[in-house]
Amino acid sequence: MVLTHRTVENIDIVALAGRLVMADVPQVRQRLLAIVEQGSGKLILDLAEVGFMDSSGLSVLVSVFKAARAKSGEVVLLHLNPTVRSLIELTRLQQVFSIFDDEATALARLH
Amino acid sequence: MVLTHRTVENIDIVALAGRLVMADVPQVRQRLLAIVEQGSGKLILDLAEVGFMDSSGLSVLVSVFKAARAKSGEVVLLHLNPTVRSLIELTRLQQVFSIFDDEATALARLH
Amino acid sequence: MTRTISLSIDSRPECIELLSCALYGLCQLTGLPATEVARIDLAMVEAANNAVEHAYGGESGHPVVVEFHLTPERFCLVVLDRGAAMDSRQLDLAGTFGDPDFSDPDTWSIRGRGLAIIKSCMDVVEYHTRDGLNALSMSRALGSAHPA
Amino acid sequence: MTRTISLSIDSRPECIELLSCALYGLCQLTGLPATEVARIDLAMVEAANNAVEHAYGGESGHPVVVEFHLTPERFCLVVLDRGAAMDSRQLDLAGTFGDPDFSDPDTWSIRGRGLAIIKSCMDVVEYHTRDGLNALSMSRALGSAHPA
Ligand SMILES: Nc1ncnc2c1ncn2[C@@H]1O[C@H](COP(=O)(O)OP(=O)(O)O)[C@@H](O)[C@H]1O
Ligand SMILES: Nc1ncnc2c1ncn2[C@@H]1O[C@H](COP(=O)(O)OP(=O)(O)O)[C@@H](O)[C@H]1O
């Protein structure tokens, strides 16, 4: 799992690439929680390059969102591929995560 | 393994489709030998749709060629895909089988 | 006639990807479209995760086996472990997903959703234990138009 | 660290295709181009054919197992059977191919070429027997640029 981090006007943007599955959970959870900890709590997760996610991967997104919420922030998702989108819809977490197809709109939401 | 047979001016043309491997050898051998038996002994094998062949598949081609030769005929090969071509070159059987990329030339050879 | 292949890994999370890759190759034989194959992969990964995490308590050094049974009409996956058995009522309990509430993070938990995901991805899901071998089997019909 | 998956079929010719499909999926992890994957598949199929045909004398009901071992630098396939062992000199004898003679059908035979095909497709090929388990192992290097 490759993780790329940049910041735009106080908003953290993290792109993940690879499979987000149980084997990657400890490392990804730790890195995302550290970013939320050190940042504003406003986080865009760009999942364009995540081709597959399981429920343990999804649990990382949830715990990172909880940490962001504790700082009055929010986690939004960008560029879901169809497989990942269908997992999120299956578990009805589109009620929690706002999902965007372009970065500008995602940034506008968090501003 | 799907086998399609037609005849053009006394020359048998058989197209195979699928994997030509050990599981298919008994059936394919029997059907091709029957065609050579009943026909002129001049046979074009169109392998365009054969994506994979192993040495047991190759042994079918050899025994069919021997049966054709016994009738003063010949077996030529048409439309080899790269994987099949490399197996034939590896076993140097391009010295035995003439290989063609179009049917007209293969027909001319057997006329 | 049924054709069967059995895939075996050690109970380490990083080996589960090998199961997925092999499954993708095998699903070529089902004629199913890519989106369907992805759902089957998801069901298998959830089941394998559960074997590693729950049956073996996260301990490596134990076998996780996936059997792939194929006929022209149907294919079936069985995920096997020799660890702690599941209370099979868990499978009946696992249902559809309630709606999480955006304003209440306690409703967001996605633990306890693996089995529900499996049930939503496959036609028939069953769990049996016999002589210390636990088997979660899941199957789905193939359109009769599909080659196998 | 090495990741391993082991693929097991019954010694029936029609099950060997399942090994090929699984291998194709697994080779995605090697980063090798399709033409190279096809050669590896050919080597594996020849070895599995030999296990079915020679080790088990064409009899079904016996296990044929293919282990797939992957590190970032190398991958290795081991084809295992519990049938009649091969005289390991067969492997040394299997060499490059002589030129068949168009006018002499006796030189066309391609029996006895399975092992030579295997040797030509892989870097290192070895055969060992131990406690009734016969193992033909074959491996090849992966470019360091390839992900695994
Ligand atoms: N293979 C298994 N072996 C033993 N127990 C299991 C197995 N799979 C599931 N369980 C039990 O069923 C519960 C629900 O499983 P699941 O729906 O996958 O959710 P989760 O894994 O997120 O807890 C688990 O918490 C566990 O107690
Ligand atoms: N797995 C095996 N178990 C036992 N004997 C084998 C095995 N593989 C090969 N052999 C022996 O080695 C010989 C050469 O094998 P091979 O080169 O594959 O050619 P072929 O299978 O066409 O005879 C076989 O005829 C057989 O006697």
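Proteins get letters first, then strands, A, B, ... in listed order; numbering begins at 1 in each.
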Which atoms of Gln94(A) approach chain C - backbone, side chain, both or neither, heavy atom under 4.5 Å: neither
message: With heavy-atom distances below 4.5 Å as the criterion, would you say the side chains of Arg69(A) and Phe102(C) are in contact?
response: yes
query: Does Glu89(A) CD have over 12 foreign heavy atoms under 6.0 Å away?
result: yes
- prompt: Are any non-hydrogen side-chain atoms of Ser56(A) and Glu53(C) less than 4.5 angstrom apart?
  reply: no
query: Relative to chain A, which of Thr107(C), Asp41(C), Asp101(C), Ile16(C) shows the most heavy atom pairs under 4.5 Å?
result: Asp41(C)
- prompt: Taking side chain as C-beta onward, heavy atoms only, is Glu17(C) less than 4.5 Å from Phe52(A)?
  reply: no
message: Less than 4.5 Å to any heavy atom of chain A: does that hold for the side chain of Glu46(C), its backbone, both, or neither?
response: side chain
task: For the residue pair Pro13(C) and Val21(A), establish whether any side-chain heavy-atom pair is separated by less than 4.5 Å.
output: no
- prompt: Where do Ser55(A) and Gly114(C) come nearest, in terms of heavy atoms and distance?
  reply: OG-CA, 4.3 Å
- line: The reported gap from CH2 in Trp108(C) to OG in Ser63(A) (rounded to nearest 0.5 angstrom) is 11.0 Å
message: Nearest 0.5 Å, please: how far is CG in Leu42(C) from OG1 in Thr83(A)?
response: 9.0 Å
- prompt: Is the side chain of Arg113(C) donor-acceptor paired with the backbone N or O of Thr91(A) at a distance under 3.5 Å, no angle test?
  reply: yes
query: Quick check: are there more than 12 heavy atoms from other residues, nucleotides or ligands sitting under 6.0 Å from CD of Gln30(A)?
result: no
